[in-house]
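Reminder, nothing fancy here: chain letters follow the sequence lines and each chain counts from 1. Hydrogens, waters and symmetry mates are skipped; everything else that's a heavy atom, side chains included, is used.
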There are 2 protein chains.
Amino acid sequence: MTVSRVLRNRGDVSEATREKVLEAAKALGYVPNKIAGALASQRVNLVGIVIPSLSNLVFPEVLSGISEELEDTGLQPVVGVTNYSPDKEEAVLYEMLSWRPSGVIIAGLEHTEAARAMLENAGVPVVEIMDVDGAGVDSVVGISHRRAGRHMAEAIVAAGYRRIGFLGTKMPEDHRARKRLEGFEEGLAAAGLALADSEFYQGGSALLKGREMTEAILKRTPDLDFLYYSNDMIGAGGLLWCLENGYDVPGKLGLAGFNGVDLLDGLPRKLATMDACRREIGRKAAEIVAGRPHSGAIGGEVIELEPVIEFGDTIRKL
Amino acid sequence: MTVSRVLRNRGDVSEATREKVLEAAKALGYVPNKIAGALASQRVNLVGIVIPSLSNLVFPEVLSGISEELEDTGLQPVVGVTNYSPDKEEAVLYEMLSWRPSGVIIAGLEHTEAARAMLENAGVPVVEIMDVDGAGVDSVVGISHRRAGRHMAEAIVAAGYRRIGFLGTKMPEDHRARKRLEGFEEGLAAAGLALADSEFYQGGSALLKGREMTEAILKRTPDLDFLYYSNDMIGAGGLLWCLENGYDVPGKLGLAGFNGVDLLDGLPRKLATMDACRREIGRKAAEIVAGRPHSGAIGGEVIELEPVIEFGDTIRKL
DNA sequence: ATGAAAGCGCTAACAA
DNA sequence: TTGTTAGCGCTTTCAT
């Protein structure tokens, strides 16, 4: 009836009735039922966001970017967390799609077959984020972790380091970290080098783990002249440990992390890193979802962002 | 029809038909429409989460706790961010309630009048989190920031510090930080003391701001013997700065933060802090929402968690 | 400018 | 055990 028109500012309604309706609505504390509305109109202002974790620091930042961009589009994010489990991801996705959201933003390109099929048949914009190394279902926004790793390797080799160690997480399901390491090893191989040693961890405070792993790897292989960390937090832990223990950084020992978390600006030295463009990825993904109302037809765009090496104070200049 | 029964594992269905339906569903890539389901059944498996920010580190942790607890309840979190704006909060809440969620978890006890009214009339469990200093609408899970501040003041005074400075954020809408400071000043007053100086910031990298503010306040008031920071990140920045500049911590200068972020385990010294029980608050809140299916009648419980001072290495022992 | 009526895709109650 | 039917509270279309 008319009420519906007033509350949606649609169609022709006289100013008089309009005010009357608004007043009544307020008096009754009326809150429209979007469920009914969505069912009738076949439109839902929700966007499904599927991410592996909330404790990784990286994902809240992406989320934040998405949330910012969605701010005044009338779209609401619905978040699902997969804990890096493909099966959980499939379940979360199923759950989300059953709400017929206006779009889906999902981390990574690797999904179960069923999940992939769901995404393909969703009939709404799908944006796979964080990673561009592989084939996407629809749109893709991210960086090439493989090339990121490769570039870092090249920069390290160019700076004259030769005995290089890697420190990272033990997470087979973290495809981006895996690709970064693969790219890194490729980069070393191109210079005729290989990893001299490596060390992995899981769980715990990253800063602390960074310390422990750094100590362990340097004890085991004292002639290392560079440590590449799979993220800035463990890198920061390593940096603190090295400084305390009198290592000549970056003279005799270089260090680099990954992500470019500005959380860490303010350390005694600035850790070399690469910005993973997290917030930007979130924004762009949200933009695509918000901007392509009912499409699904047009087919996806692939946006590759370029992470830049920030040398900081832990890679020596030649 | 029968299909509905199969997919919800309800009622009596013969194994034969059951399998046939399941098979057909899979073949067609059928995904049920929860919108229609929700409308018909008046049940919605969504929980609205309203928080001020995602960049604060604290809230992702709470979210994480909620998400964990909701994991196998079949409930999905829907997140809304308010940027510490009461009006935005009201808008976000309105939006959420129009989806008739099974519950609402909202940060803080301070809301606009309209928002409060909505919460009261929501007809589902409402849990206000983080703070217990004030009157809640329904259930409340949190800590007393006022007492947290007071306790910290008492501990500092007991350790013999007398010239105490405060460093915090300039956020009138962050009621919890405000209450903490008020409690802190009360605690000092009870010992016949007052803040000797204070310094506020907004935006930027917290670690870096901590450094800058620490330098500034110590330049301005060199005889300070204690610095109380409103969060651990700026506290950590301050700690690093003090160590680099040769301050005798905790002998001549004590430091303390707030939150107990384990992210920072691994600093050269362990910063004194108080655990804000963030994850636990999330879990408990989710538990309440999940455990009180259709109630709304029973009336809320108030769960006050007790933050404990972790002295670390930056408050001297007498 | 307003009202009336027909669904949206399910669930719940009842009938068979 | 299965099928039938009447809504859930809106939006949309068509009539007034």
Side-chain angles (χ1 to χ4, degrees), chain A residues 1-46 48 74-76 78 93-103 118 121-124 293-294 296, chain B residues 1-46 48 74-76 78 93-103 118 121-124 293-294 296:
Chain A
M1 47 156 90
T2 318
V3 174
S4 172
R5 283 188 266 252
V6 173
L7 289 140
R8 288 178 302 138
N9 304 309
R10 296 285 219 79
D12 305 302
V13 189
S14 76
E15 197 49 40
T17 26
R18 170 186 207 74
E19 283 190 21
K20 228 185 300 176
V21 171
L22 251 30
E23 192 180 343
K26 174 155 282 184
L28 296 172
Y30 172 80
V31 176
N33 185 328
K34 289 230 180 196
I35 301 173
L39 183 59
S41 67
Q42 310 283 10
R43 270 182 280 103
V44 179
N45 68 340
L46 298 175
L75 292 171
Q76 281 279 320
V78 182
L93 194 57
Y94 183 81
E95 180 72 14
M96 291 202 153
L97 289 178
S98 69
W99 284 100
R100 303 291 187 270
S102 296
M118 283 190 245
N121 300 322
V124 293
H294 297 278
Chain B
M1 50 156 93
T2 318
V3 175
S4 172
R5 283 188 266 253
V6 173
L7 289 139
R8 289 178 301 139
N9 304 309
R10 295 283 219 83
D12 307 301
V13 189
S14 76
E15 198 49 41
T17 26
R18 167 185 210 75
E19 282 190 22
K20 228 185 298 174
V21 172
L22 252 30
E23 193 179 344
K26 174 154 280 182
L28 295 172
Y30 173 79
V31 177
N33 186 329
K34 290 230 179 194
I35 301 174
L39 183 59
S41 68
Q42 310 283 13
R43 268 183 282 103
V44 179
N45 69 340
L46 298 176
L75 292 171
Q76 281 279 319
V78 182
L93 193 57
Y94 183 81
E95 180 72 16
M96 289 200 156
L97 289 178
S98 69
W99 283 102
R100 304 289 186 268
S102 296
M118 284 191 245
N121 300 320
V124 294
H294 297 276

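- Of the residues near DNA chain D, S41(B) and E15(B), the one whose nearest nucleotide (by heavy atom distance) lies more toward the 5' end is E15(B).
- Listed here is the closest heavy atom pair of S98(A) and P32(B): CB-O, 3.2 Å.
- Every side chain to side chain donor-acceptor pair (under 3.5 Å) that S14(A) has, sequence neighbours left out, goes to T17(A).
- In this view, A36(B) and L39(A), N33(B) satisfy the side chain to side chain contact (heavy atoms under 4.5 Å, CB included) rule, not counting sequence neighbours.
- If you check dT2(C), dC10(C), dA12(C) against the side chain of R43(B), the one that comes closest is dA12(C).
- Remark: T17(B) is not in phosphate contact with dT1(D), judged by side-chain N or O atoms under 4.0 Å from OP1 or OP2.
- Between V31(A) and L97(B), the shortest heavy-atom distance links the atoms CG1-C, 4.1 Å.
- Of the candidate nucleotides dG9(C), dC10(C), dT1(D), dT1(D) has the atom lying nearest to any side-chain atom of S14(B).
- Between P101(A) and G48(A), the shortest heavy-atom distance links the atoms CB-N, 4.0 Å.
- Side-chain proximity of V13(B) to dC10(C), dT11(C), dT2(D): nearest is dT2(D).
- Atom CD1 in I35(A) sits roughly 11 Å away from atom C1' in dC10(D) (whole-Å rounding).
- Rounded to an integer number of Å, the gap from L39(A) CG to dC10(D) P is 12 Å.
- For N33(B), taking side-chain heavy atoms from C-beta onward, the closest of the listed nucleotides dC10(D), dA12(C), dC10(C) is dC10(C).
- The salt bridge (charged side-chain N to carboxylate O under 4.0 Å, His left out) pairs that include a residue from residues 23-42 of chain B are E95(A)-K34(B), where partners are two or more places apart or lie in different chains.
- Here dC8(C) is the nucleotide among dA1(C), dT11(D), dC8(C) with the atom lying nearest to any side-chain atom of Q42(A).
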Quiz item: How does DNA chain C look in dot-bracket notation if pairs are Watson-Crick or G-U with both distances under 3.5 Å, crossing ones as [ ], other-strand ones as |?
Solution: ||||||||||||||||
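- Separating the OG atom in S102(A) from the CD atom in Q76(A) is a distance of 11.5 Å, to the nearest 0.5 Å.
- Residue S4(A) places at least one side-chain N or O closer than 4.0 Å to OP1 or OP2 of dT11(D).
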List, with names and distances, any nitrogen or oxygen atoms from the protein found under 3.5 Å away from nitrogen or oxygen atoms belonging to nucleotides 13-16 of chain C.
none

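- When all heavy atoms of R18(A) and V13(A) are compared, the closest pair comes out as N-CG1, 4.1 Å.
- If you take CG of N45(A) and P of dC10(D), they are 15 Å apart, rounded to a whole angstrom.
- Atom C1' of nucleotide dT2(C) and atom CD of E19(A) are separated by 18 Å, given to the nearest angstrom.
- One atom, OH of Y30(B), and another, P of dC10(C), lie 3 Å apart when rounded to the nearest Å.
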Exercise. Apply side chain to side chain contact (heavy atoms under 4.5 Å, CB included) to W99(B) and V44(A), showing your working.
Key: CA-CA 10 Å; W99(B) 283 102; V44(A) 179; 3.6 Å; yes
